2 protein chains.
Amino acid sequence: MASSAPKYDVFQAIADPTRRRLLQLLVEQEMPVTVISGHFPISRTAVSKHLRILAEAGLVQERKVGRETRYRMQPEPLQELKQWLAYYEQFWDNKLAALAHYMENQDAEGIVDRVPKIVKQERETKG
Amino acid sequence: MASSAPKYDVFQAIADPTRRRLLQLLVEQEMPVTVISGHFPISRTAVSKHLRILAEAGLVQERKVGRETRYRMQPEPLQELKQWLAYYEQFWDNKLAALAHYMENQDAEGIVDRVPKIVKQERETKG
DNA sequence: CCATTACGAAACCTTTTCGTTTCATATTCG
DNA sequence: CGAATATGAAACGAAAAGGTTTCGTAATGG
């Protein structure tokens with residue numbers, strides 16, 4: 001219920017290529033909006049909107065310095081992504097792959113509902 | 001140049017929550033469309049479109065069995081995401097953080113163009 | 001003080017995205 | 001064969017995304 005709860009999804013925030021480039025630009029160095037937008041072919045206002053989205057996802061931090069607002073990347077929220085990824089890593093770099101395969105070929109009743117009836121009549125039109 | 005070149009971006013593919021749920025559902029088990037769509041509150045056709053997007057990103061594989069089309073997750077394309085993430089991991093779990101901070105406080109000329117003039121007149125309206 | 005600079009808010013437009021319903025086609029089975 | 005099933009393609013609609021230009025306001029500095 002606090003103020004810093006991410007309102008924008010990290011997955012969505014990084015979906016846009018421009019925003020990924022923004023992160024890259026701001027990962028090591030804080031920069032004011034005008035300077036940032038100089039690195040992009042779109043308007044300053046458009047960049048500003050992307051920055052807001054990133055900020056709401058917690059991926060950049062803003063700080064007012066005089067009349068400028070400086071932005072800098074904040075990598076922490078990416079941990080959520082890392083965690084999400086970690087789950088699927090199991091399935092590509094080893095181990096459970098064999099097990100999953102085994103279950104599939106066994107008839108998967110009890111693992112996922114509704115599947116069995118259809119799975120059973122497997123007929124393979126073509127070899 | 002082959003047929004399996006990903007036409008859809010992985011970042012974009014996983015941006016949608018429904019598609020992430022699809023991946024989760026299909027990670028261990030292959031399933032036909034009708035069964036899959038039974039797990040979602042949207043129409044079968046809508047699910048089918050999401051599956052197509054995932055397929056174009058290489059995240060699911062489809063296989064025709066009789067009159068049904070079965071889908072299953074293919075985790076490999078997530079490696080791109082992992083790689084992208086790895087770059088930023090440096091910045092949250094250690095090392096370079098200190099260095100980056102150092103550079104910032106030093107005046108960052110030569111690191112990012114255009115910054116210097118503005119950075120220098122730092123005045124900090126408020127403490 | 002007043003012109004300039006930095007920036008976000010607002011209004012607006014175009015394209016995508018996500019969903020729907022309807023239709024066509026292939027496969028299965030009595 | 002013909003009804004039923006599984007699915008994608010097409011046409012369509014509403015809302016969100018990404019962009020632009022214009023305007024208001026706050027800070028700077030001559």
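The structure displayed is predicted, hence computed values, not measured ones. What you see below is based on every heavy atom in this structure, not just the backbone, and it leaves out hydrogens, waters and symmetry mates.
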- Sidechain-backbone polar pair: A:R20 side chain, A:A15 backbone, donor-acceptor under 3.5 Å: yes
- Query: Within this structure, what is the CZ-to-P distance between B:R20 and C:dC18, rounded to whole angstrom?
  - Reply: 11 Å
- Message: Tell me the bend of the helix from C:dC1-D:dG30 to C:dG30-D:dC1 as the angle between end helix axes, each from five pairs, rounded to the nearest 10 degrees.
- Response: 10°
- In whole angstrom, give the distance that lies between atom CZ of A:F40 and atom C1' of D:dT20. 18 Å
- Side-chain contact, heavy-atom cut-off 4.5 Å: A:M73 with B:F91? no
- Please answer whether the main-chain N or O of B:G58 pairs with a side-chain N or O of B:Y8 as donor and acceptor at a distance below 3.5 Å. no
- Once each nucleotide of nucleotides 7-17 of chain C is scored for protein heavy atoms under 4.0 Å, what B/S/- sequence comes out, 5' to 3'? BBBBB-----S
- For residues A:W84 and B:L78, determine if any side-chain heavy atom of one lies less than 4.5 Å from a side-chain heavy atom of the other. yes
- Item | Atom pair distance, as rounded to whole Å: CG in B:L54 and P in D:dG8 | 13 Å
- Message: Taking the side chain as everything from C-beta on, heavy atoms only, tell me whether B:L51 gets closer than 4.5 Å to B:L26.
- Response: yes
- Check: A:F11 and B:R19 side chains under 4.5 Å, non-hydrogen atoms: no
- Message: Rounded to whole Å, please give me the gap between CD in A:E56 and C1' in D:dA16.
- Response: 14 Å
- Item | Stepwise side-chain contact (heavy atoms from CB on, under 4.5 Å) test for A:L22 and A:V60 | CA-CA 9 Å; A:L22 277 167; A:V60 298; over 6 Å; no
- Message: What is the distance, to the nearest angstrom, from the CD1 atom on B:I36 to the C1' atom on D:dA6?
- Response: 12 Å
- Kindly say whether A:Q24 contributes a backbone atom to a donor-acceptor pair with the side chain of B:Y88 at under 3.5 angstrom? yes
- D:dG19 OP1/OP2 closer than 4.0 Å to side-chain N/O of A:H50: yes
